[in-house]
Amino acid sequence: YQFDDIRFDDRHLEGSIFLFDNEDHPGRVYIDNKVYKMENINYNIENDQFFTKIENDSVFIYTFETIDKISIKNREFKEIYDPYLNKESVFEIIYEGDNISLFKKHTVRFIAGSDNPMVNRSSSIFKQKQRYYIEQGKESVAIGSYFNVLRVLSLHEDFLKIAADDELGRKLQDLEL
């Protein structure tokens, strides 16, 4: 905005940087085989941090230095290495096994609103997205394990399209994984 672009109108903001609608969700914090019940806990996606609101002006922020995992509404989260960000980050555990694990990374992006009618975005938006990661526990994980993970995500049709383009892919289709 320019110097004289003073705006007094109420700008609408859609979405949130928080994973859950409000902070009034009970949760559990797991530390060294002990479980601690918390009255209210939420995840700030933008800051990649869990927090508990203690008072109107006080917030307790959790760090994963000693925490094994955090559970909210039957959803479990833990900190693992994020190859995209090249650092430790919080992931939701979708499935965790000996041979293969599936994790979901929550991200948020701010999209500014505009008065320009050509943009067609009068309000600003916090857009939440997810990325899925497969972690290999043992080096001998079969491709069928990956296929089963893709099936859970309803992405197995894409895998079959790719597989159809090569000789190995045709053999995979013949095996009817």
In one Ile/Leu/Val/Met/Phe/Trp/Tyr side-chain cluster, 4.5 Å: [X], [Y]:
X      : Y      : result
Ile72  : Val108 : yes
Tyr132 : Ile134 : yes
Val59  : Phe18  : yes
Leu19  : Val29  : yes

Qualifying residues under salt bridge (Lys or Arg N to Asp or Glu O under 4.0 Å), relative to Arg109, sequence neighbours excluded
none
Partners of Glu14 by salt bridge (Lys or Arg N to Asp or Glu O under 4.0 Å), sequence neighbours excluded?
none
Residues in side chain to side chain contact (heavy atoms under 4.5 Å, CB included) with Lys37, at least two apart?
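Expected list: Arg28.
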Could you tell me which residues satisfy side chain to side chain contact (heavy atoms under 4.5 Å, CB included) with Phe110, sequence neighbours excluded, listed by chain and number?
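With neighbours one apart ignored, the set is Leu13, Ala112, Ser124, Phe126.
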Do Ile31 and Tyr36 touch side chain to side chain, with heavy atoms closer than 4.5 Å?
yes
Are the side chains of Gln128 and Ile45 in contact, using a 4.5 Å heavy-atom criterion?
yes
Test of understanding: with side-chain hydrogen bond (donor to acceptor under 3.5 Å, both in side chains), list the residues that count as partners of [X], not counting sequence neighbours.
X     : answer
Asp48 : Tyr43, Ser89, Lys105
Gln49 : none
Glu46 : none
Glu92 : Arg75, His106

Please test Ile93 against Lys78 for side chain to side chain contact (heavy atoms under 4.5 Å, CB included), starting from the C-alpha separation and ending with a verdict.
CA-CA 7 Å; Ile93 303 167; Lys78 75 178 200 176; 3.9 Å; yes
Mind checking the [atom1]-[atom2] spacing from [X] to [Y]? Nearest 0.5 Å is all I need.
X     : Y      : atom1 : atom2 : result
Ile80 : Glu88  : CD1   : CD    : 8.0 Å
Ile17 : Thr107 : CD1   : OG1   : 13.5 Å
Lys73 : His25  : NZ    : NE2   : 4.5 Å

Name all pairs fulfilling the ring pair (Phe, Tyr, Trp, His ring centres under 6.0 Å) condition that reach into residues 73-100, sequence neighbours left out, sorted by first residue then second.
Phe50-Phe77, Phe91-Tyr133
Determine yes or no for a side-chain-to-main-chain donor-acceptor pair under 3.5 angstrom, with Asn42 supplying the side chain and Phe20 the backbone.
yes
Main chain of Lys53, side chain of Asn40: is a donor-acceptor contact present, judged purely on distance under 3.5 Å?
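Such a contact is found between Asn40 side chain and Lys53 backbone.
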What are the two closest non-hydrogen atoms of Phe60 and Ile54, and how far apart are they?
CB-CD1, 3.5 Å
Side chains of residues 61-71: which donor-acceptor pairs under 3.5 Å do they make with residues two or more places apart or in other chains?
residue: Tyr62; atom: OH; partner: Thr52; partner atom: OG1; Å: 2.5
residue: Asp68; atom: OD2; partner: Asp32; partner atom: N; Å: 2.9
residue: Lys69; atom: NZ; partner: Glu76; partner atom: OE1; Å: 3.3
residue: Lys69; atom: NZ; partner: Glu76; partner atom: OE2; Å: 3.1

Tracing side-chain links under 4.5 Å among I, L, V, M, F, W and Y, which residues wind up in one group with Tyr30?
Val35
